[in-house]
Amino acid sequence: MIAMVAKGRLIMVFEILQYGFIQRALVSGIAVAISCSVVGLFLVLRRQSLFADALSHMAFGGIAIGLFANLYPIWTAFIVSIFAALGITKLRESTKIPPDSAVAVLLSAGLAVGVILIGLSGGFTLDLYSFLFGSILLVSMQDQEIILVASALILSILYFIYQELVYIAFDEEQAQVSGINVSRLNYIFIVLASIVVITSIRLVGVLLISSLIVIPNITAMMFGKGFKKTAMISVSIGILSVLTGIVISYVMNLAPGGTIVLVSVTVFLAAIIMKDLNKRTMTVSKQRKIRSLQ
Amino acid sequence: MASAVTVVNDVAYSYNNTPSSLVLDSISFTVNEGDLLGIIGPNGAGKSTLFKCMLGLIEDYMGQITIFDHNIRKNKNVLQKVGYIPQIRSIEQNFPATVQEIVSLGITGKKTSTRNKDKIISAIEIVDLSEHKNERIGELSGGQQQRVLIAKSLVNDPKLLILDEPTTSIDQVTQDKFYSLIKKLNLEKKISIIWASHDLDAVHKLANKVACINRKMFFHGDTCGFFENEELLKMYSESTMQAHMRVHFNKKNNVKNNNSNDSNGSEGSTYHGI
């Protein structure tokens, strides 16, 4: 009986891969997973994990402006988020306000703009709901193109500034002394992070995007020895979470954003358990060795 | 005659641009090729601020600093010839970069060329960390982490090393290893070194020149000239004691002022040094 159900589910998975909207969701999902993981690793190491949350809330304000003004919301989200991110970085540099306070300002300002405009335009619509929680059904051809172009652009830029970003993440002061223009790179990086957040919103939603940026990376950091290896593990976990999440959400009729995040949380918890078991095994074998020596 | 590697000329700096709160006041000294200059002074004497000025991290100071004949305000490229090792700080255990990756950060230009790869390996060998090259930096001890930072500084063949109290909170055995490495770099690699330290014994043994600062330059000259002069040593220990007392007094005063909500008293205890 169980075997028959499993077989049925498997056939269903192959069937759904033939649908155009699922193919678009999967292709976009892979691109989003790669860019989120790579940019996210730097955000996590710079202790700016919550910045992704702030950027997504700012994007929410931008989406509300787009829906209110009847413009393509992703474009308005791009403009609002990028300008807000640059503004808050400038503000942080010139006034030395703590990073977490800058995040709080950005987060509440974006949400405030969104809430006011939603109220003015007559409340929540299906479109707005999909931006909040993500939707695989609504990833259009235009969305897919934007996601692919943006991801390619982000990864190409990161390829050239990767070493400098690692240096800044390790020690900003030493990076500056070595001749790196830290301020300029901080601006470039925050624009890249804004683009990653906005391109991922269609799929995962405003409220869940930060977890896709953070969870694969903190999981990878438990195992990765070396920066490149950690990035590769993180990308793999990101892709696994997105693909499995999309398929499960379709088969079981669940919200895709939530399912993707829950898959990544499951991987994270499994990693913690594995790490713990590994540590215990090592301790036991060490004790045995000591006893045999005595 | 050895040529000047660094000339610090009449440098003064205040964090809030007021003459009454100068952190550095008329500091001048020269470091010649091959020198190992020990900079000593109590906490809050301005040693780290002086280094920040020398490394271009602070630019709005008065006076002039030249490194290898270049004014540091106008030409920061010259810093590529300078290695900088800051005070030890805790590196997150989960920071994923390996020793080799951290050392490679010190290379300017293409890191993957064979020549640069050899340079990285050789810098790791100099600091005796070859067997740890593939380990995460966060998993090493404090002393080993400092040696990684030295290797990172050495990989670009620096002509000058600036060390800001690099052995604070490191155990004695590791400190001794660190000191012999500094001496080796100075003597064998002919690297000029400017080294801030609280360890008078180590400065006495290793440095050929000493600069004693406490906001102002108190002494600058040969190591023997300082350590064999009882009067100077006595004045130095008194000033260090007074600096400790000043910190203690300021802390106490701040607590008192915070409690009484009186903002007038906190700036009242200015200390004019030696």
Side-chain angles (χ1 to χ4, degrees), chain A residues 37-38 40-49 93 96 159-185 214-235 237 268 271-272 275 279 282, chain B residues 48 51-59 67 72 75-112 116 132-139 145 148-149 152-153 155-156 158 160 162 164:
Chain A
S37 297
V38 178
L41 183 54
F42 291 107
L43 280 171
V44 171
L45 291 176
R46 292 158 64 114
R47 296 176 180 274
Q48 290 180 332
S49 300
E93 270 186 5
K96 303 281 176 208
Y159 176 78
F160 289 106
I161 59 172
Y162 149 82
Q163 281 286 350
E164 286 81 358
L165 288 179
V166 176
Y167 209 156
I168 295 170
F170 178 64
D171 192 318
E172 204 165 299
E173 195 174 87
Q174 284 188 57
Q176 202 173 337
V177 171
S178 78
I180 293 171
N181 190 333
V182 173
S183 176
R184 189 173 65 192
L185 277 166
V214 174
I215 297 168
N217 282 306
I218 53 170
T219 313
M221 279 165 65
M222 283 194 265
F223 298 99
K225 264 195 179 164
F227 206 87
K228 283 178 191 162
K229 277 184 193 164
T230 307
M232 295 296 281
I233 296 172
S234 170
V235 165
I237 294 170
F268 174 61
I272 291 177
K275 186 99 181 165
K279 207 175 164 185
M282 295 255 286
Chain B
S48 296
F51 284 167
K52 281 184 178 170
C53 295
M54 292 170 71
L55 294 163
L57 295 168
I58 292 176
E59 289 186 330
I67 293 181
I72 204 67
N75 183 4
K76 289 207 172 60
N77 286 339
V78 74
L79 288 173
Q80 286 177 4
K81 291 185 192 172
V82 179
Y84 166 55
I85 297 151
Q87 283 183 26
I88 196 160
R89 63 175 180 92
S90 63
I91 294 168
E92 205 181 315
Q93 202 185 357
N94 272 344
F95 195 88
T98 60
V99 168
Q100 209 165 340
E101 283 176 325
I102 294 295
V103 174
S104 77
L105 294 175
I107 286 192
T108 46
K110 206 177 174 193
K111 289 160 175 70
T112 47
N116 283 341
H132 300 283
K133 67 178 179 186
N134 292 321
E135 284 177 30
R136 284 183 182 195
I137 184 163
E139 288 168 357
Q145 287 176 359
V148 175
L149 296 187
K152 179 171 73 63
S153 306
V155 80
N156 220 23
L160 170 67
I162 294 178
D164 189 2

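- The heavy-atom pair separating Gly224(A) from Arg136(B) by the smallest distance is O-NH2, 2.6 Å.
- With a threshold of 4.5 angstrom between heavy atoms, Glu139(B) approaches chain A through side-chain atoms but not through N, CA, C or O.
- Looking at Ile102(B), the atoms closer than 4.5 Å to chain A (heavy atoms on both sides) all sit in the side chain, from C-beta outward.
- For the pair Ser178(A)/Asn156(B), no side-chain contact is recorded, criterion being any heavy-atom separation below 4.5 Å from C-beta on.
- Here CG of Asp171(A) is found 8.0 Å from CG of Leu149(B). Values are rounded to the nearest 0.5 Å.
- Separating the CG atom in Asn94(B) from the CG atom in Asn217(A) is a distance of 12.0 Å, to the nearest 0.5 Å.
- Residues Phe95(B) and Met221(A) have side chains not in contact (no heavy-atom distance under 4.5 Å, counting atoms from C-beta outward).
- Contact count versus chain A (heavy atoms, under 4.5 Å) is highest, among Pro86(B), Gly56(B), Ser153(B), Gly83(B), for Pro86(B).
- The candidate from Gln174(A), Lys229(A), Gln176(A) with the greatest count of non-hydrogen atom pairs under 4.5 Å with chain B is Gln174(A).
- Heavy-atom distances place the backbone of Asn134(B), and not its side chain, under 4.5 Å from chain A.
- Distance alone, capped at 3.5 Å, is enough to place a donor-acceptor pair between the Glu101(B) side chain and the Phe227(A) backbone.
- What you find for Lys152(B) and Phe170(A) is that their closest heavy atoms are CE-CE2, 4.5 Å.
- Atom CE of Met222(A) has more than 12 heavy atoms from other residues, nucleotides or ligands within 6.0 Å.
- By the 4.0 Å N-to-carboxylate-O rule, Glu92(B) lies close enough to Arg47(A) to be salt-bridged with it.
- The shortest non-hydrogen separation linking Leu105(B) to Tyr167(A) is O-CE1, 3.3 Å.
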